[in-house]
Amino acid sequence: MSNELITDLEIYLRYSDDDVEIGHFSIKADTLIKLDNKKDINYEKLMSIMSYDGLFENESFLNAAKKAASEFSLVFDKCPQLWVTKINQIDLTPIYDAHFNQNEKSKSVAAAIFKVEENEVDDTIEEYFTNTVFSVENLFS
């Protein structure tokens, strides 16, 4: 996986207001965002991929996510959000699981993905999701 483009993503939908998981979907998108060697993935790289300047500025990603999200009966008053849980072969579900289930094993894996010390992982996860989770409403505006 050297300099491959991000094309395959898995995304969970959750309601922010009542903290309920709605479902998940997989999409293919021609993002033109390069993914370096998996060993080079860390907190900063993931933040740059998931930022508004990364995936959420990419028209192919936005169109694919909008199409997939429109298959759900969403209640926009409950603030549905997109949570990216996989980028190509990189599984980010341990980060998601650590955040919602406080699973210690997942926290350890999340620390390894982010390349941070385990005593820093809770704060890192919180900051990561604060900056990388976006409202579904943004797809439809």
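All values below come from the heavy atoms of this structure, side chains included, with hydrogens, waters and symmetry mates left out.
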**Request:** Decide yes or no on side-chain contact (heavy atoms from CB on, under 4.5 Å) for D91 and I113, but give the supporting numbers first.
**Result:** CA-CA 9 Å; D91 183 9; I113 293 169; over 6 Å; no

**Asked** Can you list the steps and then say if V84 with T132 is a side-chain contact (heavy atoms from CB on, under 4.5 Å)?
**Response** CA-CA 8 Å; V84 177; T132 64; over 6 Å; no

**Message:** H24: which residues meet the side chain to side chain contact (heavy atoms under 4.5 Å, CB included) condition with it, sequence neighbours left out?
**Reply:** Y12

**Item:** Neighbour count >12 (heavy atoms, 6.0 Å) for atom NZ, K115
**Value:** yes

**Message:** I'd like to check the side chain to side chain donor-acceptor pair (under 3.5 Å) partners of E127; sequence neighbours left out, ordered by chain and number.
**Reply:** Y43

**Item:** Set of residues satisfying ring-ring contact (aromatic ring centres under 6.0 Å, His included) with respect to F72, sequence neighbours excluded
**Value:** none

**Asked** Parallel, tilted or perpendicular: which fits the ring planes of F129 and Y96, with parallel below 30° and perpendicular above 60°?
**Response** perpendicular

**Closest contact, heavy atoms only, F56 versus M50** = CD1-O, 3.2 Å

**Prompt:** For E71, what residues pass the side chain to side chain contact (heavy atoms under 4.5 Å, CB included) criterion, not counting sequence neighbours?
**Reply:** none

**Message:** On a heavy-atom basis, which atom in T7 and which in N88 lie closest, and how many Å separate them?
**Reply:** N-OD1, 3.0 Å

**Asked** Under 6.0 Å from the CD atom of E126, do we count more than 12 heavy atoms belonging to anything else shown?
**Response** no

**Message:** I need the full list of salt bridge (charged side-chain N to carboxylate O under 4.0 Å, His left out) pairs touching residues 42-63, with sequence neighbours left out, sorted by first then second residue.
**Reply:** D36-K45

**ring-ring contact (aromatic ring centres under 6.0 Å, His included) involving F76 - partner list, sequence neighbours excluded** = F140

**Prompt:** Does some side-chain heavy atom of F100 sit less than 4.5 Å from a side-chain heavy atom of R14?
**Reply:** yes

**Prompt:** Sequence neighbours excluded, which residues qualify as side chain to side chain contact (heavy atoms under 4.5 Å, CB included) partners of Q102?
**Reply:** K107, D122

**Prompt:** With sequence neighbours left out, what residues match K78 under salt bridge (charged side-chain N to carboxylate O under 4.0 Å, His left out)?
**Reply:** D18

**Item:** Pairing residues for S108 by the side chain to side chain donor-acceptor pair (under 3.5 Å) criterion, not counting sequence neighbours
**Value:** E118

**Asked** Shortest non-hydrogen contact from I125 to A110?
**Response** CD1-CB, 4.0 Å

**Prompt:** Hey, what do you get for CG (L35) to CG (D8), rounding to the nearest 0.5 Å?
**Reply:** 11.0 Å

**Message:** Could you work out, with side chain to side chain donor-acceptor pair (under 3.5 Å) as the rule, every residue matching N101, not counting sequence neighbours?
**Reply:** D97

**Message:** On a heavy-atom basis, which atom in S106 and which in P94 lie closest, and how many Å separate them?
**Reply:** CB-O, 3.4 Å

**Message:** So which atom in E10 and which in S26 form the shortest heavy-atom distance, rounded to 0.1 Å?
**Reply:** CG-OG, 3.3 Å

**Request:** Could you give me the CA-CA distance, side-chain angles and deciding distance for T85 and I11, then say whether side-chain contact (heavy atoms from CB on, under 4.5 Å) is met?
**Result:** CA-CA 5 Å; T85 56; I11 299 169; 5.8 Å; no

**Fill in**
Residues F25 and A65: closest non-hydrogen pair is CZ-O, 4.1 Å

**Prompt:** Residues two or more places apart in sequence or in another chain: which of them pass side chain to side chain donor-acceptor pair (under 3.5 Å) with D77?
**Reply:** none

**Asked** For S60, which residues count as a side chain to side chain contact (heavy atoms under 4.5 Å, CB included) partner, sequence neighbours excluded?
**Response** A29, D30, N58

**Item:** Residue pair L55, F134: steps toward the side-chain contact (heavy atoms from CB on, under 4.5 Å) verdict
**Value:** CA-CA 11 Å; L55 283 177; F134 296 95; over 6 Å; no

